[in-house]
Amino acid sequence: MSSVLPVLCGAVLLGAPGYLMLCALDVRLCLRWGWAPAVTVLLTVVLGALFRVLGIRWTLLSAVIGIVLLVALAAVVRLALQRRTARRLTTSTSTSTSTSTSTSTSTSTRAGVPAPQDWSRGTAAAVTGASILSGALVAASAARRMGGISTLNGSFDSFFHLSAAAFIRERGDASFTTALSDIYGEPTFYPVVFDDLVAILPFDVITAANAMMLAMLAAIPPAVAAMVAGVSRPARSARLLVALSAGAATLFLSTPAMALVMGLWPIVLGVVCLAPAIAAVLMLTDRRHGAPGVGTAAGLVLIVIGTALAHPSVLFSVAVVAGLRLLAGGIERMLGGGRLRGLIEVCAALAAAVLFVAGSHVLLSGMALTKPSLDGVGSVLGEILLDSPRIPAVPALPWPMAALWILAMIGATAAVRSREVLGATAALGLLASLMLGVATQIDHPLAVALVNPWYGARERIAPLMMCMLVLLMARGLLALLESGGRRRRSLPGALAVGAVVVTVLIALVTPQRLPLMGSLAYTAYGVQLTPYVTSEERSFIERTAQELPEGSVVLADPLDGATLYWSVGGVETVFPTMSRPLTREKTLIAHYAHRAGTDEASVELCRALESVGPTHLYRDTSEASGQRINPEDSERWRGVHDIPESRLTLVDASGPYALYELDPAC
């Protein structure tokens, strides 16, 4: 199957709901497509919860109807408010001057978010097209070596989300707390928006997940461009800067690595929303044109909420920017003569930082899941500067990031000289992201507390660096473009623009970057990882799943690929993900299933087997079995491995793969 149609469907599902809502609310924004995913996340969460209460199944049809109704309701409310305001102005006895002022104020606040740039429709369409093209090139480059849109991603986390999407599709429940109850054994909070969207794409689960993943990668350049457009000051070169920012976003590798190699798809959705959320925070605190109105503030806050709902860890990156904006603003006030107020803001920012670290140490200590690399701090810092993920097969190439760093340093210098709070915030944010990245390598309670919200992984911190670096790059380009006078562009500015464009074009086709990562968890397993399921094993599981009678329940070590019986074959499995057993009953089965029918069998074990009701056993004895590629984790299912042959009746076999009918023996 060609990847074009599935990815296009994924992109429409990711962006269209939010875009339509922004249009319905008449939110005047440049690059609405960049802001749209955060709004889509919010709509998905609202509809998922509403459908759960009303007993409506989560399907493509019901989701589309729900979105249309919400968009229509928003448009009706907006029109009603506008008419009410118009009637008030008509009956007002104020002077024409005050009436004109009121009309202007009403117009400026009728939208959820104000537009900082006064662009024509043609200009906005051209810049939007350039940013979307950058995203499309990212998706195309990433997909070059995937082996097709239906190729299975062999990473650990991908198996969880394939099962999650299959559960949501089967159960029709898309709510935050109950969608994955069958996996966790009880209602549990989990950011399921990615899985919700995959579940309603009209393709098989693997194709749908791959399509949505590529659509998210394609959405990052428009999101970064929207951030730059939202916070940059009006200038003749603003359109060029925004388009170049979208191109610059294609040079960063940590997020593609999380998507293509690690299977961390919900965090990638959070990254898509991160750039607009940062812009929202900066626009909320921007006082150059006065305080934002109620409608403006509400719209910006909703963008941040949508980002948090995409993945909560991304909210901490937004919080870092908010705190640094408060710090930079306080310092600027102190330098400008407002010492008391400035001191209060600085102290508030520092107090927030202390609370952040203390809260992380107390509440998030269990999130330190990433082991530091064996490289020295200097080597790690170099990899962070180049945004090189912890993947040995991906080389840390200096040239793709060189132009961005040079321009960012120029931008930071220009911003500091001009005492620009936004530029200072971006510079502090860039420095903070580097410090946080290095802290992931330091085994100290303070360092661990600093990076707990990002699971101790520098790839999850890297998107913050991306946003700050692109903001400073845009400021550096602006400084160079304005240095040559009004009638001609400076030669340094033209050279800088050319350097960015050439770097982007070369980086998108360089085999050692996106095309290589597109292969590592899909086709070139030997370079990076051993697959949890080979193509032969997948074929066997798909075939036998179709032959099993209705009501069958498959028992197996999930590291042997048995999770595909549920996510691909639609057959219930005892362990639908490769995570540790999450309930007491399944833990008993994992450890002691081999004891059933013997004197060692406990009453609790027999009750667990009767409750879960496994009818078949799947075994993989190949070189890629769980016991061989991950023996330590596979030991959690030692009771499944040791079930005696006397309780098994062969149903089907193909090489090292076998399916048996199981005698529970209790």
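For this chain, numbers begin at 1 and follow the sequence in order. Quick caveat, the model's predicted, so the values are computed rather than measured.
- Note that CG of Asn210 is 4.0 Å distant from CE of Met146, once rounded to the nearest 0.5 Å.
- In terms of the side-chain contact (heavy atoms from CB on, under 4.5 Å) criterion, residue partners of Val301 (sequence neighbours excluded) are, by chain and number, Leu284, Ile305.
- Under the 3.5 Å distance criterion, the side-chain polar atoms of Thr44 are left unmatched by any main-chain donor or acceptor of Val193.
- In this structure Thr250 satisfies the side-chain contact (heavy atoms from CB on, under 4.5 Å) test together with Ser134, Val138, Pro221, Val504, Leu508, sequence neighbours excluded.
- Counting only residues at least two apart or on different chains, the salt bridge (charged side-chain N to carboxylate O under 4.0 Å, His left out) pairs with a member in residues 465-475 are Glu420-Arg475.
- Partners of Ile506 by side-chain contact (heavy atoms from CB on, under 4.5 Å), not counting sequence neighbours, listed by chain and number: Trp399, Val502, Thr510.
- Ser141 places no side-chain N or O within 3.5 Å of a backbone atom of Leu137 that could act as its donor or acceptor partner.
- In terms of the salt bridge (charged side-chain N to carboxylate O under 4.0 Å, His left out) criterion, residue partners of Arg419 (sequence neighbours excluded) are, by chain and number, Glu332.
- Partners of Arg458 under the side chain to side chain donor-acceptor pair (under 3.5 Å) rule, at least two apart in sequence or in another chain, are Glu383.
- In terms of heavy-atom proximity, Gly148 sits nearest to Thr151 at O-OG1, 3.0 Å.
- Legend: residues meeting ring pair (Phe, Tyr, Trp, His ring centres under 6.0 Å) with Phe194, ordered by chain and number and at least two apart, are Trp265.
- Gln528 pairs by the side chain to side chain donor-acceptor pair (under 3.5 Å) definition with nothing, not counting sequence neighbours.
- Contacts of Ala218 classified as side-chain contact (heavy atoms from CB on, under 4.5 Å), with partners at least two apart in sequence or in another chain: Ala139.
- With rounding to the nearest 0.5 angstrom, the CG atom of Leu14 is 12.5 Å from the SG atom of Cys9.
- When all heavy atoms of Pro463 and Leu274 are compared, the pair lying nearest together is CB-CD2, 3.7 Å.
- The salt bridge (charged side-chain N to carboxylate O under 4.0 Å, His left out) search around Arg32 returns none, not counting sequence neighbours.
- Minimum interatomic distance between Val224 and Met466 (heavy atoms only, all atoms of both residues): CG2-CE, 4.0 Å.
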For residues 449-456, run the donor-acceptor check on the side chains, cut-off 3.5 Å, and write out each pair with its distance to 0.1 Å, sequence neighbours left out.
unit_1: Asn452; atom_1: ND2; unit_2: Leu364; atom_2: O; d: 3.4
unit_1: Asn452; atom_1: ND2; unit_2: Val448; atom_2: O; d: 3.4
unit_1: Trp454; atom_1: NE1; unit_2: Ser317; atom_2: OG; d: 3.0

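- Between the side chains of Asp157 and Ser155, no donor-acceptor pair of N or O atoms lies under 3.5 Å.
- Between Val304 and Ala280 the shortest heavy-atom distance is CG2-CB, 4.0 Å.
- Atom-to-atom distance recorded for Ser131:OG and Leu244:CG is 12.0 Å, nearest 0.5 angstrom.
- Under the 3.5 Å distance criterion, the side-chain polar atoms of Arg513 are matched with a main-chain donor or acceptor of Leu251.
- Counting only residues at least two apart or in different chains, salt bridge (charged side-chain N to carboxylate O under 4.0 Å, His left out) contacts with residues 390-412 comprise Arg390-Glu459.
- Heavy atoms only, all atoms of each residue included: Trp35 and Cys30 are closest at NE1-O, 3.6 Å.
- The line from CG of Leu260 to CG of Leu253 is 10.0 Å long, rounded to the nearest 0.5 Å.
- Note that the CG atom of Leu269 and the NE2 atom of His311 stand 9.5 Å from one another [nearest 0.5 Å].
- Within the 3.5 Å criterion, the main-chain N or O of Ala414 finds a donor-acceptor partner in the side chain of Ser418.
- Under the 3.5 Å distance criterion, the side-chain polar atoms of Ser379 are left unmatched by any main-chain donor or acceptor of Asp375.
- Remark: side-chain polar atoms of Thr425 are not paired, donor with acceptor, to backbone N or O of Ala328 under 3.5 angstrom.
- Taking 4.5 Å as the limit, some side-chain heavy atom of Leu434 sits within range of a side-chain heavy atom of Met465.
- How far CG of Leu464 is from CD1 of Ile461: 8.5 Å, rounded to the nearest 0.5 Å.
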